[in-house]
Amino acid sequence: MTVASNLPLLNDDDLELLFHNDPDGARRYRVLHGVLVRGMTQHEAATEMGVSERTVRNVLRAYGRSGSLEVLRSRGAAGRRRSRRASEAEEALAEALAAEPLAGGDRLWRRAQELLGPAGGQLSRRTAYRILSQLRARARQSAPAGLAVAVRKALPLLQEDPPLTLGSGALAQRLVPDEPDQLARGRVLRQGLRQAIERLRPAGGQTGVDRGWWPYLICVGEYEEERNRADLQRELALSASTYSRAKRQALDRIAASLPQIVAQLTVTSAAAVLQPLPRTPDFVGRHEEQTYYAWRLRTEGLAQIWGLPGSGKTVLAAELAAAEHRYGRRVLWHTCTAGREATLAGVARSIAQALGGVPDDTLQLDAPQDALALLESLRARLAAEHALIVLDDVERLDPADAGLLVAALTDLVSAQAARLMLVGRCRPDLGDWPALPGLYEEEARLLWGSAQSFPEEQWRTLYASVAGLPQPIRLAAAVYRRAGDLARLSDWSGALEAWAEDAIWNQSDADERRLLAAVSLLESRASQVTPAAACRELGLNAAVLARLHGRGLLPDDDGTPVLPVLQTGAAMVLREDAELRAAVERLTAEPRSAVEAKDVAPAPENAAVAAPSEGLELLERLHRVLSHSTAYLRSKRDDREASRLARELAMLQEVLPRPEGHRTRSSSRTEGRRGRMWVRHVAPRGV
């Protein structure tokens, strides 16, 4: 029982890595696994593995005595004399392997027999497999030692945004040792890995039957599209061993080409320091947003980026941080993951360690006051470094620590000791910060890549359903590329519904799902019922409405609708909730005037109602006309004169007085997520 519990559980890739040139050692492990983990008898294990029961007993006895997997390795065959026949067999097998590197052992053995002619009958299957194992091990040694292992560990981090973990790994430190900035190392390495994967792509049209496509399809599927190995193996109709061979060949080829690719990407000239850093392939557009946040960072020292899941907040923050780094500012990036990293002590410790020169034994922060004292002690260091502190996923911060942390960091900003950028999914408590909208349609098309034959009607449906959010558009593009010419509407629409389920519905509690479903369905029926009226009809607390507004999931006062992709999930919630169905029917059947009357608080008796003066009405009408005119002109992006007039109207509206008591919008965006205006904080011309 103790031996069974100590046996490491290894998959095919682990076995290939541990026993890469020893198939008999891998077989002995499978014997152990069958008896100790799967509960097979010795006879059943011997029958399944094709060995004798005596071999099974010997393996169990050897492992029971040592408790180490090293005892499973085969002993070397050193000292055996190489005969002429063995040399001829090796040459034939090497020729067969070079012609078909992904072929199975049985196919290569039979091909070698054909090449040997009459002498081929004397080459046994077991001898052929042993020689093939040695040939493949020798080929793997052509890559730098340990580089393939480092590549294997780095590739699963390819989709990390920003690539900070990738930049701190062994592969980045080995290939980009002269770059001191962790973010810059990660960006260069990510670009190099993607170019190395693209080099695996064979020339000509794609076909899953061709063996030459397997390494490319496996790497794109596992690391670019983050798909499950079992699904890829089933889709390509490959056995586990064939899949492992193709993947191993892909990793070897990536390891062989990556140093040269990274060397070309790395700029060593001192004159190139002020040149723009290479942009990430998945970042497009966002020119207005970059200008807006960069301007506020320079003028206020603070930027808060928030918006819906999949809107590209972290990628935009990484671009802004890279621009700050180009101008000599130190970037200190911290992601508030679950646990200790989402506490005041965790953030303070991360900043201190990033600055360096602080021993780990001085970072025992037992109370919030200790963390605040540490941040205060770092004030001079931060000011000297001209540091930019970036906190990502701030919505995960411990609520008890969030207020103290933000107050301490904004105090550093006020003292001009640092700049601060907060990135998260929730509306900031302080300041007038608009939600990050989706991309313009012409920008979103750039995410589509090579899928240019996508039907126009399907594209418009896709773009409208996600309001231009980049992440679900990339997901749909990956699904479309896999399906090729046989792509159907249901292929990518199902993927988007799964994304909405994971990113939005599963992140909401039961009350939030009910209200979100009701509002989404009411919008699909062109109802004029407000979310507040729906919340009251469902008998929900007003805090539920506030939470959904705070996450940007419910319509703002600028008329931005709920994401259409949520309608399928809303219909599912409706089917499972009879009370919700009845409430929606009541709301849609109720006259509009009655619904609006619920949202108006009754005036006290004998209260005088003052009618607005004509001058105030004129001002209000003028503001509305200016807003709509600016929104229309902003939509004409290819017309320079329209853009100039839009800027003039925006500045005119800003200086125009407003009627007393008129509430300004928290976001000056008067268009939907497809077309945006950043009117309230427009950078002066030339900034």
Side-chain angles (χ1 to χ4, degrees), residues 8 10-27 29-30 69 72-74 93-94 96-109 111 128-158 169-171 174 192-202 208 210-259 261:
L10 308 178
N11 56 29
D12 291 336
D13 288 341
D14 297 331
L15 286 176
E16 184 64 30
L17 195 61
L18 188 60
F19 300 104
H20 60 274
N21 59 350
D22 187 5
D24 291 333
R27 186 184 299 112
Y29 173 82
R30 292 190 176 95
L69 293 181
L72 304 179
R73 295 187 185 277
S74 302
L93 286 167
L97 182 62
E100 298 182 89
L102 295 178
D106 191 70
R107 180 182 179 88
L108 295 174
W109 168 52
R111 177 58 183 155
Y129 276 44
R130 177 175 54 80
I131 296 175
L132 283 172
S133 177
Q134 295 171 356
L135 290 173
R136 285 177 170 140
R138 251 181 260 155
R140 278 191 294 274
Q141 293 173 358
S142 60
L147 194 58
V149 177
V151 167
R152 180 187 292 270
K153 293 180 179 178
L155 280 171
L157 302 171
L158 201 57
L171 186 62
R174 179 169 182 169
L193 286 170
R194 283 178 169 156
Q195 289 189 20
I197 291 176
E198 193 60 29
R199 287 191 182 185
L200 299 176
R201 182 187 182 98
D210 187 355
R211 298 170 183 268
W213 278 89
W214 292 347
Y216 173 75
L217 294 177
I218 287 172
C219 284
V220 169
E222 282 199 27
Y223 304 122
E224 292 282 7
E225 301 172 2
E226 298 184 297
R227 299 182 62 196
N228 183 273
R229 168 178 172 148
D231 295 339
L232 283 170
Q233 187 175 319
R234 183 170 53 254
E235 184 177 306
L236 296 174
L238 302 180
S239 66
S241 57
T242 303
Y243 186 97
S244 295
R245 281 197 302 273
K247 182 177 177 180
R248 183 176 63 247
Q249 187 200 36
L251 296 178
D252 291 342
R253 289 170 60 184
I254 291 173
S257 62
L258 189 60
I261 294 174

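Keep in mind that this is a model prediction, so the values were computed, not measured.
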Is there side-chain contact between Tyr243 and Leu232, with heavy atoms separated by less than 4.5 Å?
yes
Would Thr242 and Ser239 satisfy side chain to side chain donor-acceptor pair (under 3.5 Å), going step by step from the backbone distance to the final call?
CA-CA 5 Å; Thr242 303; Ser239 66; 2.9 Å; yes
Please report the closest heavy-atom contact between Pro156 and Tyr223, naming both atoms and the distance.
N-CD2, 3.9 Å
Arg253 side chain near Arg199 side chain, heavy-atom distance below 4.5 Å
no
Those residues that, when tested against Ala196, pass side-chain contact (heavy atoms from CB on, under 4.5 Å) (two or more places apart)
Ile254, Ser257, Leu258, Ile261
Less than 4.5 Å apart, side chain to side chain, heavy atoms only: is that true for Tyr216 and Glu198?
yes
Where Leu158 and Arg194 come nearest, the two heavy atoms and their spacing
O-NH2, 3.7 Å
Rounded to the nearest 0.5 Å, what separates atom CD in Glu222 from atom CD in Gln233?
10.0 Å
CH2 of Trp214 to CG of Leu238: how many Å apart, nearest 0.5 Å?
5.0 Å
How long is the straight-line distance from CG of Asp24 back to OH of Tyr129, given to the nearest 0.5 Å?
12.5 Å
Set out, in order, the CA-CA distance, both residues' side-chain angles and the distance that settles side-chain contact (heavy atoms from CB on, under 4.5 Å) for Ile197 and Leu155, then state yes or no.
CA-CA 10 Å; Ile197 291 176; Leu155 280 171; 4.0 Å; yes
What are the two closest heavy atoms between Ser244 and Arg229, and how far apart are they?
OG-NH2, 3.0 Å
Going by the rule side-chain contact (heavy atoms from CB on, under 4.5 Å), which residues pair with Arg30 if we only count those two or more places apart in sequence or in a different chain?
Asp12, Leu15, Ala26, Met49
Side chain to side chain, Leu171 and Lys153, heavy atoms closer than 4.5 Å
no
Working to the nearest 0.5 Å, report the span between CZ of Arg245 and CD1 of Ile218.
10.5 Å
What heavy-atom pair brings Leu200 and Cys219 nearest, and what distance separates the two atoms?
CD1-SG, 3.9 Å
Nearest 0.5 Å, please: how far is CD in Glu224 from CG in Leu217?
12.5 Å
So, do Val151 and Asp252 sit near enough that their side-chain heavy atoms are less than 4.5 Å apart?
no
CG-CD1 distance between Leu93 and Ile131, expressed to the nearest 0.5 angstrom:
5.5 Å
